[in-house]
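A short worksheet on the structure shown next.
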Amino acid sequence: MPRPMTMAEKILAAHAGLEEVSPGQLIECDLDLVLANDVTAPIAIKTVREVTDAVFDPERVILVPDHYVPNKDIKSAEQAKIVRDFAREQGITHYYEVGCMGVEHALLPEQGVVGAGDLIIGADSHTCTYGALGAFSTGVGSTDAGVGMATGKAWFKVPETIKFVVDGQLAPSVTGKDIILHIIGKIGVDGALYKAMEFTGSAIESLPMDERLSISNMAIEAGGKAGLIPVDDVTRAYMDGRTERPYTAYYSDEDAVFAEVIAVDAADIVPTVAFPHLPSNTRPVAEARDVRIDQAVIGSCTNGRFDDMRQAAEVLRGRKVHPDVRCIVIPATQEVYRRCIAEGLMDVFLEANCAVSTPTCGPCLGGYMGILAAGERAIATTNRNFVGRMGDPTSEVYLSSPAVAAASAVLGHIGLPEDIA
Amino acid sequence: MRYEGRAFRYGRDVDTDVIIPARYLNTSDPAELAKHCMEDLDVTFVEKVRPGDIIVAEENFGCGSSREHAPIAIKAAGVDAVIAKSFARIFYRNSINTGLAILECPEAVDAVAAGDTVSVDTDTGTITDVTTGTTFQAQPFPPFIAEIIEEGGLVNRWKKKLAK
């Protein structure tokens, strides 16, 4: 019998061809997928060419230009072209051109490219998003991704796992985003450094897939290597008929050893906002009402999925964005965009005076499509609020759920949907 | 390798967005990236930094994005080594892979003052504050990582492996 293992350890062991692994062990694994975007792929492609002539498997290398596309300027057009040319040359099946592309970590689960039990590396820190489907997926730099594309392999240090048990009844206004902000506020931006996070408990089980993806997405904001959620009926209902490849559900053994088990009472979690300049700088929204805003951004790999759009639209329906605020809505994929039209959300956004954009990471990383001037403030459903993240170094970003961002857009200051008269 | 230079001091959670802001990520040219290194944290860094200088910072250096442009920019700006109490995971891997020397040594971080001349021996992990004459020992790399460094980085390691 192998030693009792966590979900993370089991996935790594399976991909290293080992019966068991222990935290701290350095192992070489076979990768299911290797990803990169238009910012990180050009360097990864250079690495591939240094190592070999061809990628290890053109069906398992995923290239999603999403950061600066549709091209922001000539330089970014050149970057995107390097990716496009390489995809054509190598016959990459999962290359997503403008018009088909979406924000990578919203797109790949939606398209069934990623699934439970997969081992995935991506040259983008939010690759940890797929943990919500029960995959071990983690962000790496371009060289690791390039070597992965060339060889199908990567080395890993088996991480310890911190288990979070979120039990109890969530208030109706509390979303997956509030849960992860609450947790990061509790443990800090390096609270899970070098460790995997596993999110369990009745409150997690009660969440739809889109909100679970928001939780796993921000594991990296606590320094986490992965943000895993055990597979259940919600996961299976999401993946069945969607995933391209068969999937495997791995579960932590009852007697698995965790670095720490942190219990969170769902009833203690309230709508939360992270103040500048760290995602861990959290406060209840109810204590942030004096913060006036210039912009609201609703979108990104954290909160650009359909449920996010629906939650924002519910607040904006029949209302107008405050005249001092620009509200930018970015459905994260073409499919989300289409559903927004089909289900009438697009009319709600346009009636409310929101600007709606084609899918792009754009303003989340201060790329384009909503950059802040000196001293301006934005509330955003994105994932980082570092200095200069969305524009000028003196601008400020406050992180929240879609409903809170939408309510703040109407109010002109940070607030809750029920604050709107 | 042995490096010697002046210490630039920074605090905790120095993120990759301040090391190299995303607004400059429409290129991966090291010389271009170097022009904007640390810009949003310390606008004077680029004009002050000289080849061989060393960055000294508190916990969680390099947190945030996976951009390899961060260690590339630091190295291209002339910095040979970063000493910190701890490094964010992706930045740690990226530094090993791109050949930026990184050393974990809380004691040195607590002792070295901005502007001190510091020498670093990456083979032994010895850090000396030349200005004060104090010596510190950094955490050694696990053998596997040391091997990657010795082989000249991950790309060279694989080149050798595949040539066999």
Side-chain angles (χ1 to χ4, degrees), chain A residues 24 26 39-40 42-44 46-47 50-52 67-68 72-79 122-127 138-147 150-151 153 155 157 159 188-190 193-194 220-221 223-225 277-278 280 364-368 371 384 386-389 391 393, chain B residues 12-19 21-30 32 39-41 43 58-72 85-99 142-145 147-148 153-163:
Chain A
L26 286 150
V39 167
T40 58
I43 304 178
K46 229 161 89 185
T47 302
E50 283 180 60
V51 176
T52 179
H67 279 52
Y68 288 130
K72 170 201 176 207
D73 54 18
I74 295 170
K75 279 183 179 172
S76 60
E78 296 294 343
Q79 300 280 98
D124 186 290
S125 60
H126 293 106
T127 301
T138 190
V140 296
S142 295
T143 300
D144 273 317
V147 167
T151 65
K153 292 179 190 299
W155 65 267
K157 185 171 165 188
V189 288
D190 61 353
L193 187 58
Y194 302 126
I220 180 67
E221 299 342 313
K225 184 168 186 170
H277 289 285
L278 285 176
S280 56
C364 170
L365 76 158
Y368 71 131
I371 301 305
R384 291 194 177 126
F386 299 148
V387 169
R389 176 73 180 178
Chain B
R12 57 168 299 145
D13 305 321
V14 172
D15 63 74
T16 51
D17 275 89
V18 295
I19 295 172
R23 56 186 178 276
Y24 305 118
L25 292 186
N26 53 4
T27 177
S28 50
D29 175 23
E32 271 299 310
E39 186 175 289
D40 285 358
L41 181 64
V43 279
E58 302 280 332
E59 294 90 350
N60 203 25
F61 187 87
C63 65
S65 142
S66 70
R67 61 189 71 158
E68 206 159 284
H69 311 64
I72 291 173
K85 289 188 178 172
S86 63
F87 292 90
R89 189 188 66 81
I90 305 176
F91 185 89
Y92 180 99
R93 287 183 80 113
N94 287 348
S95 299
I96 305 291
N97 290 340
T98 56
F144 177 79
I145 310 278
E147 215 177 280
I148 296 179
L154 192 66
V155 170
N156 285 330
R157 179 186 174 81
W158 272 98
K159 273 195 207 163
K160 269 189 220 162
K161 213 167 162 173
L162 295 174

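Below, chains carry the letters A, B, ... as their sequence lines are ordered, and counting in each starts from 1.
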>> Counting heavy-atom pairs under 4.5 Å with chain B, which one of A:G388, A:S142, A:G224 comes out on top?
In response: A:S142
> Among A:I220, A:V189, A:T52, which residue forms the greatest number of heavy-atom pairs with chain B at distances under 4.5 Å?
Replying inline: A:V189
> Considering all heavy atoms of both residues, which atom of A:K75 and which atom of B:E32 are nearest to each other, and what is their separation?
Replying inline: NZ-OE1, 3.8 Å
> Does the side chain of B:I145 reach to within under 4.5 Å of the side chain of A:K157, using non-hydrogen atoms?
Replying inline: no
>> Which residues pass the side-chain hydrogen bond (donor to acceptor under 3.5 Å, both in side chains) test with B:N97, not counting sequence neighbours?
In response: A:D144
>> Any non-hydrogen side-chain atom of B:E39 less than 4.5 Å from a side-chain atom of A:P393?
In response: no
> What part of A:L365 is in contact with chain B, defined as an atom under 4.5 angstrom from a non-hydrogen atom: side chain, backbone, both or neither?
Replying inline: both
> Given side chains that start at C-beta, do those of A:V51 and B:L162 come closer than 4.5 Å, heavy atoms only?
Replying inline: yes
> Strictly by modelled atom types, are B:S65 and A:R384 linked by a side-chain donor-acceptor pair under 3.5 Å?
Replying inline: no
>> If you count heavy-atom pairs within less than 4.5 Å of chain B, which of A:I371, A:I43, A:T40 leads?
In response: A:I43
>> Strictly distance-based, threshold 3.5 Å: is any side-chain N or O of B:N94 a donor or acceptor partner for the main-chain N or O of A:G141?
In response: yes
> Which region of A:Q79, side chain (C-beta onward) or backbone (N, CA, C, O), has a non-hydrogen atom less than 4.5 Å from a non-hydrogen atom of chain B, or is it both or neither?
Replying inline: side chain
> Is there a donor-acceptor pair under 3.5 Å between the side chain of B:R89 and the backbone N or O of A:G139?
Replying inline: yes
> B:R12: what forms a side-chain contact (heavy atoms from CB on, under 4.5 Å) with it, not counting sequence neighbours?
Replying inline: A:D190, B:E58, B:E59
>> Which atoms of B:I72 are under 4.5 Å from chain A, going by heavy atoms: the side chain, the backbone, both sets, or neither?
In response: side chain
> Using non-hydrogen atoms only, which part of A:T151 is less than 4.5 Å away from chain B: side chain, backbone, both, or neither?
Replying inline: side chain
> Side-chain contact, heavy-atom cut-off 4.5 Å: B:I148 with A:W155?
Replying inline: yes
> Given that the side chain runs from C-beta out, which part of B:Y92 has a heavy atom under 4.5 Å from chain A: side chain, backbone, both or neither?
Replying inline: side chain
> Does any heavy atom of chain A fall under 4.5 Å from the side chain of B:P142, the backbone, both, or neither of them?
Replying inline: side chain
> Contact part of A:K153 toward chain B, heavy-atom cut-off under 4.5 Å: side chain, backbone, both or neither?
Replying inline: side chain
> To the nearest 0.5 Å, how far apart are CG in A:L278 and CG in B:D13?
Replying inline: 5.0 Å
>> On a heavy-atom basis, which atom in A:V387 and which in B:D40 lie closest, and how many Å separate them?
In response: CG1-O, 3.6 Å
>> Quick one, A:Y68 with B:L25, criterion side chain to side chain contact (heavy atoms under 4.5 Å, CB included). Give me CA distance, side-chain angles, the key distance, then yes/no.
In response: CA-CA 9 Å; A:Y68 288 130; B:L25 292 186; 4.0 Å; yes
> Between B:S66 and A:A123, what is the shortest heavy-atom contact and its length?
Replying inline: OG-C, 3.4 Å
>> Using a 4.5 angstrom heavy-atom cutoff, name the option from B:T27, B:T16, B:I96, B:V43 with the most pairs to chain A.
In response: B:T27
> Can you tell me how far the NE2 atom of A:H67 sits from the CG atom of B:N26, to the nearest 0.5 Å?
Replying inline: 12.5 Å
>> Using heavy-atom distances under 4.5 Å, tell me whether A:V147 contacts chain B through its side chain, its backbone, both, or neither.
In response: side chain
